[in-house]
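Letters A, B, ... are given to chains in the order of the sequence lines, protein chains preceding strands, and every chain is numbered from 1. Heavy atoms only: backbone and side chains are in, while hydrogens, waters and symmetry mates are out. Predicted model, so just to flag it, every value in this text is computed and none were measured.
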Number of protein chains: 2
Amino acid sequence: MDRRQQKTRAAIFAAFSTLLAEKNYSKITVQEIIDTANVGRTTFYAHFETKDELLKALCENLFSHIISSALDCTHTHGLYSEKSAPQSVFCHLLQHLQEDEHNILELLSCESSEIFLRYFKDSLNELIQNQFVNQNRKNNIEIPQDFLVNHISSSFVEMVLWWAKGQKKQSPEQLDQYFRAVIEPIL
Amino acid sequence: MDRRQQKTRAAIFAAFSTLLAEKNYSKITVQEIIDTANVGRTTFYAHFETKDELLKALCENLFSHIISSALDCTHTHGLYSEKSAPQSVFCHLLQHLQEDEHNILELLSCESSEIFLRYFKDSLNELIQNQFVNQNRKNNIEIPQDFLVNHISSSFVEMVLWWAKGQKKQSPEQLDQYFRAVIEPIL
DNA sequence: TTTGATAACAAACATTTTGTTCTCTTTTAT
DNA sequence: ATAAAAGAGAACAAAATGTTTGTTATCAAA
């Protein structure tokens, strides 16, 4: 890929992230983005058809690493099922988030966080869904699997949001402990 | 209040709801709203400063009844604490939602649902927070109260969303049973 | 039932944003 | 060195926003 393309793409992403941290997505104009990124109008539209496409691309950029690494983790350790697993997938995810290479947490606690949360949740949902195949519960009441999957993934995402909004006072390990405490009893 | 004001207000709300069911909030223009509601441009801006204000007003309209009725419920029965309570607050809420006087569920499963979900969640959070005063847990691990409150309210809201997206196949009573199964073990 | 006040309307307006279309210049890969 | 690709800059139509102005319809109360 052309080095110029990489640069402008990165510049647009950076500008967009900066703006997102400042104000709501819907209030951000293409004009502001290209001013901040210091690229021409034509250039922007050469890269992204619309502002929505840019957002989608940013989401994919942000979560591709973190989710794929989580996927590897589930392949080797399983979700929470295998007690011998040295680290749960969730703890792994939380550690990744804390490192926060790409300011994900900032975006997750910004005004437009809903968009990212939805994307995050959908990714997680898929992840957990795959893990749940052929897994039977100990509990007596019959609960639909997709209900449980939805419960777990959304609980995790909302916990992350709660964490980010509270200035990340807890360590990933501590959070993981909390999460286990509310999730493991129902598995 | 002037009858004319009531009518136009209702017309704008109705038009807005219709449009929200069709397309994303951000794509809806004031022009479309006033065309659908069949009111003049000036009239719209006399009632609502911006589109965002309209959304906020709609949210307040939608949730005020349902939340206040839930509040009464907690005053008499408590959250889930009192075993003698004939009906949990959550079951009560679900029944209200199923009746769906104001198309709340349709909005909760539409493209812009995040906005309503956030509003719904904040209301619930407050509700549950108040219930949690002086309530101690049986579990051994120490979990912060606001973590638990957040977990419960967001779990409930996400369950409702899951329910609405799945065409409401379950009865409120059944849903309540599922919810108890995943929440009561941690109380 | 008249009357003063209020609400809605229609049309026009400047302004902003969007997305496109040019031409021209710079950079890249080979 | 050169052809191909990418960006800059300006200008454009179209659409949306929010405001203003003058006029008409409706209401509530005397």
task = Taking atom CD of A/Gln6 as the centre, report whether more than 12 heavy atoms of other residues, nucleotides or ligands fall under 6.0 Å from it.
result = yes
ask   = More than 12 non-hydrogen atoms from neighbouring residues, nucleotides or ligands closer than 6.0 Å to CD on B/Glu53, yes or no?
value = yes
ask   = With respect to the side chain of A/Arg4, which nucleotide from D/dT21, D/dA5, D/dT26 is positioned closest?
value = D/dA5
ask   = In terms of heavy-atom contacts, does CD of A/Glu49 have more than 12 from other residues, nucleotides or ligands at under 6.0 Å?
value = no
Test: B/Lys56 and B/Asp52 ion pair at under 4.0 Å = no
Cation-pi geometry met for A/Lys51 and A/Tyr25 (6.0 Å, 45°) = yes
message = Rounded to whole Å, how long is the line connecting atom CG of A/Asp35 with atom C1' of D/dG9?
response = 13 Å
query = Under a 4.0 Å N-O cut-off, is there an ion pair linking B/Lys27 with B/Glu32?
reply = no
request  = Please work out whether the ring planes of A/Phe147 and B/Trp162 are parallel, tilted or perpendicular, with thresholds of 30° and 60°.
outcome  = perpendicular
Along DNA chain D (nearest heavy atom to each residue), the more 5'-positioned of B/Asp2 and B/Thr50 = B/Thr50
inquiry  = Using 30° and 60° as the class boundaries, would you call the ring planes of A/Phe156 and A/Phe120 parallel, tilted or perpendicular?
reply    = perpendicular
query = D/dG9 base to A/Thr42 side chain: any donor-acceptor pair below 3.5 Å?
reply = yes
Positional range of nucleotides in DNA chain C within the contact set of chain A, heavy-atom, under 4.0 Å = C/dT17 to C/dA29
Polar-atom pairs under 3.5 Å, protein N or O versus N or O of nucleotides 15-17 of chain D: list them with distances, or write none.
unit_1	atom_1	unit_2	atom_2	d
D/dT17	OP1	B/Val30	N	3.4
D/dT17	OP2	B/Val30	N	3.1

